[in-house]
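Basis for what follows: all heavy atoms, side chains included, without hydrogens, waters or symmetry-related copies. Predicted model, so just to flag it, every value in this text is computed and none were measured. Order of listing sets the numbers, starting from 1, for every ligand and every atom in it.
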Amino acid sequence: MRAESMLTEVASRCDLDLVMGQYHEHGFARLGKACASDSLAAMRDRTVDLMLGRVTYDGMFFQKDSPNQRYEDLVFGRGYEGPSLHYRKIEKLERDPLFAEWLRNELFERVCRRVYSTEAIHLYRAVIFSKAANGGSNLPWHQDAGNFWGLSEDPQLQIWTALDDAGEEAGCLEVIPGTHKAGLVSPLGGVVPRHKATEFDAESKVVKLPADAGESILIHNYLWHRSGPNATPYMRRAFTVCYLSGTTRCLRTKKTPREFERVFPLDGL
Ligand SMILES: O=C(O)CCC(=O)C(=O)O
């Protein structure tokens, strides 16, 4: 499947001036229904194939959800635990040709070029966040950057795509507009400490972002975002990609530093 054929007509008419204005102002912006229905169906099916072990790739990262919907009770480091629809996170989707193609579509490239000035755009991560039917967990407020990510420059762009309808009941994305402007709450990044969220009166500022299947949303890495459990009888799958400027380096020292894969320009493949 070619990346361009995975896009909808709406995507080709997208007014990026408007979208990017919103992204800079609020830290998030809706791109509209970018992904065509047949591609969406293919990515949903592939997600299930991966969870059930019908399709496998070396080096993929899997994490199951906690059985009690508490993020605090997640277990780390177990990886693939056998066929189940209760995985909350799968990483390294760039190894799957379908997702690899989608994350290289020309609309996403145009967005990347509005955010980063480097010629090369690299990939930090390509991830499925899934919430099982009547399951999923309470993902707390967090920011996707900081020392924990071990990068020479904090990334600024993630593009999240709903593979299923993700309404409020299904555990849609929730954000606090404008929080990206204040930078990181702690140098480490990641989960926003509860007392900080209370001090900031986060609950009074929440904006929920219900999305239809196929909709893509830009998220600044500093934006406070979270999602709740899924109270519907359907799976809620989403695919998110974090892009990096071509100059960003991996600073980790315990293991060999990562070399980030170039995703744009496409002719470098
Ligand atoms: O889809 C979700 O529930 C969470 C997404 C998220 O946290 C992210 O894309 O960084």
Visitor: Taking R46 first and then D96, would you say they form a salt bridge - that is, a charged N and a carboxylate O separated by under 4.0 Å?
Guide: yes
Visitor: On a heavy-atom basis, I'd like to know which of Q143, R237, Q158, H142 is closest to atom 7 (O) of ligand 1.
Guide: H142
Visitor: Can you classify the ring geometry of F99 versus F239 as parallel (below 30°), tilted (30 to 60°) or perpendicular (above 60°)?
Guide: tilted
Visitor: For ligand 1, which atoms sit closer than 4.0 Å to a heavy atom of R236?
Guide: 1 (O), 2 (C), 3 (O)
Visitor: What protein heavy atom sits nearest atom 3 (O) of ligand 1, and how far off is it?
Guide: S227 OG, 2.7 Å
Visitor: Here's a test for you: under side-chain contact (heavy atoms from CB on, under 4.5 Å), which of L107, V111, L7, T8 qualifies with C14?
Guide: L107
Visitor: Please find out if less than 6.0 Å separates the ring center of F129 from that of W160.
Guide: no
Visitor: Establish whether M60 and Y87 are linked, either directly or via other cluster members, by ILVMFWY side-chain heavy-atom contacts under 4.5 Å.
Guide: yes
Visitor: Thinking salt bridges, do E72 and R194 make one under a 4.0 Å N-O criterion?
Guide: yes
Visitor: One residue to check: E174. Relative to ligand 1, which of side chain, backbone, both or neither has a non-hydrogen atom less than 4.0 Å away?
Guide: neither
Visitor: Taking D165's backbone N and O only, do any of them form a donor-acceptor pair with D212's side chain (distance below 3.5 Å, no angle check)?
Guide: no
Visitor: Please could you name the atoms of ligand 1 that L139 approaches to less than 4.0 Å, counting only its heavy atoms?
Guide: 4 (C), 7 (O)
Visitor: Suppose we measure from atom 5 (C) of ligand 1 to each protein heavy atom; which comes out shortest, and what is that distance?
Guide: F129 CD1, 3.6 Å
Visitor: Evaluate the ring planes of F264 and Y243, with Trp represented by its six-membered ring, and classify them as parallel (under 30°), tilted (30 to 60°) or perpendicular (over 60°).
Guide: parallel
Visitor: Which is it for K131 and ligand 1 at heavy atoms under 4.0 Å: side chain, backbone, both or neither?
Guide: side chain
Visitor: With a cut-off of 4.0 Å, which atoms of ligand 1 are near a heavy atom of T240?
Guide: 9 (O)
Visitor: Record the part of R125 in heavy-atom contact with ligand 1 below 4.0 Å; permitted values are side chain, backbone, both and neither.
Guide: side chain
Visitor: Should you measure from each heavy atom of H225, which atoms of ligand 1 turn up under 4.0 Å away?
Guide: 6 (C), 7 (O), 8 (C), 10 (O)
Visitor: Output the list of atoms in ligand 1 that are nearer than 4.0 Å to some heavy atom of D144, sorted by atom number.
Guide: 8 (C), 10 (O)
